Amino acid sequence: MAGDVLDPATLAAVRAHLDAARRVCVLTGAGMSAESGIPTFRDAATGLWSTFDPAQLASEEGFRADPQRVWDWYAERRAGVRAAQPHAGHLALAAFGRRRPGVLTLVTQNVDDLHQRAGWPETIRLHGDILADRWLEPCPRGLACDPATASAGRPPRCTECGNLVRPAVVWFGETLPERALDAAERAARACDVMLVVGTSGAVWPAAGLAHVARRAGAQVAIVNPDASEIDDQAHWVLRGTAAGVLPRLLDTLGRPPS
Ligand code: OAD
């Protein structure tokens with residue numbers, strides 16, 4: 001919140017490093033979208049995994065066991081994402097990137113499109129796109145059909161071979177998209193400052209990006225109201241929320257003095 005009480009010296013130190021940085025890599029997690037009304041996964045009371053079983057809802061085995069249940073759960077989450085709006089933190093990041101061409105690489109674990117809608121279309125998505133579909137199986141006839149051609153259904157299905165449509169997100173046990181992960185690792189190795197916002201740091205390889213950046217000599221700052229599993233990688237921890245802290249960190253950087 002705007003009222004987060006931040007240590008002024010820490011805030012000033014992180015701002016100074018961001019201001020001087022030639023390359024900034026920002027890694028965001030579910031906490032980035034929390035103030036837009038999209039639930040996180042691991043927050044004790046409100047996180048999705050406190051109510052739902054990821055093995056049933058976020059794995060290929062779970063989908064095969066009950067495709068309709070999984071499809072309907074994602075349909076609800078998709079509706080939540082479509083109704084959500086980017087907040088001041090998403091806007092501050094995109095505006096910072098535009099003011100400093102060539103400086104920002106924004107990497108997200110989030111499957112929503114709030115960074116893109118806030119004005120940073122080049123956001124690297126490590127865990128896919130909840131609003132997109134893909135086929136469950138490779139086409140047995142080698143055809144590259146668009147999942148949009150599938151027959152209506154929950155989930156839709158190919159009228160020729162029966163292949164099911166699934167959300168284009170990375171499920172547990174699946175590998176991350178190679179190009180996205182490569183680009184994220186390159187950015188982590190090359191940055192002067194890594195800013196980690198709203199992630200528990202519990203899921204790898206995304207959490208490892210903070211380690212990569214630190215080992216390569218970057219300054220690492222974390223924005224999170226609570227402790228995370230990668231706090232030990234940080235030179236600074238800002239205990240506050242994404243919408244509250246990011247504008248205070250970024251809004252006046254790179255603006256000509258008034
Ligand atoms: P988690 O739910 O594990 O962690 C959310 C983090 O956000 C926690 O550390 C919270 O303290 C913090 N948080 C909560 N509200 C916040 C706010 N307003 N501002 C800033 N931080 C806040 O989410 P992730 O770390 O993103 O995987 O989880 C990683 C992956 O696990 C997700 O991408 C998802 C999930 O299973 C896939 O979808 C493949």
Side-chain angles (χ1 to χ4, degrees), residues 1-6 26-60 62-63 70 73-74 77-78 80-81 84-93 106-115 123-132 134 166-177 180-181 184 195-210 221-234 237-250:
M1 314 291 289
D4 287 327
V5 181
L6 302 174
V26 178
L27 171 68
T28 65
M32 181 75 220
S33 300
E35 289 155 289
S36 292
I38 299 176
T40 66
F41 296 94
R42 295 179 184 76
D43 279 290
T46 54
L48 291 174
W49 299 154
S50 67
T51 314
F52 299 105
D53 179 358
Q56 288 175 359
L57 294 163
S59 74
E60 187 179 320
F63 182 71
V70 176
W73 189 71
Y74 279 90
R77 287 184 59 204
R78 286 171 165 182
V81 166
Q85 296 301 325
H87 59 60
H90 295 101
L91 297 172
L93 278 172
L106 178 48
V107 180
T108 191
Q109 299 167 81
N110 297 342
V111 295
D112 63 53
D113 59 351
L114 294 181
H115 286 306
T123 303
I124 296 171
R125 297 166 177 261
L126 292 177
H127 291 165
D129 174 357
I130 196 171
L131 299 178
R134 69 178 180 83
R166 55 162 280 184
V169 297
V170 176
W171 280 333
F172 287 99
E174 296 180 331
T175 51
L176 273 58
L181 184 58
L195 194 57
V196 180
V197 186
T199 179
S200 60
V203 172
W204 289 65
L209 293 171
I222 286 183
V223 176
N224 196 314
D226 293 311
S228 82
E229 294 186 19
I230 47 178
D231 283 359
D232 61 346
Q233 296 303 306
V237 177
L238 293 156
R239 284 276 171 252
T241 71
V245 174
L246 291 175
R248 291 172 69 186
L249 267 184
L250 300 169

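Throughout, numbering of the chain's residues begins at 1 and tracks the sequence. Note that the coordinates shown come from a computational prediction; the quantities given were computed from them, not determined experimentally. In each ligand, atom 1 is the first atom listed, and ligand 1 is the first ligand listed.
- Scanning all heavy atoms of the two residues, the minimum distance from Pro39 to Thr46 falls at CB-O, 3.9 Å.
- Side-chain N or O atoms of Asn110 include none that pairs as donor or acceptor with a backbone N or O of Asp112 at under 3.5 Å.
- The 4.0 Å heavy-atom shell around ligand 1 contains residues Gly29, Ala30, Gly31, Ala34, Glu35, Thr40, Phe41, Arg42, Asp43, Trp49, Gln109, His127, Val170, Phe172, Gly198, Thr199, Ser200, Val203, Asn224, Pro225, Asp226, Thr241, Ala242, ordered by chain and number.
- Counting only distance, with no hydrogens or angles, the side chain of His90 and the backbone of Ala243 share no donor-acceptor pair below 3.5 Å.
- At a cut-off of 3.5 Å, with distance as the only test, a side-chain donor of Thr40 or Asp43 sits close to an acceptor on the other residue.
- Counting only distance, with no hydrogens or angles, the side chain of Asn224 and the backbone of Thr199 share a donor-acceptor pair below 3.5 Å.
- Taking both residues in full, the closest heavy atoms of Glu35 and Gly244 are given as OE2-N, 4.2 Å, listed atom of the first, atom of the second, then distance.
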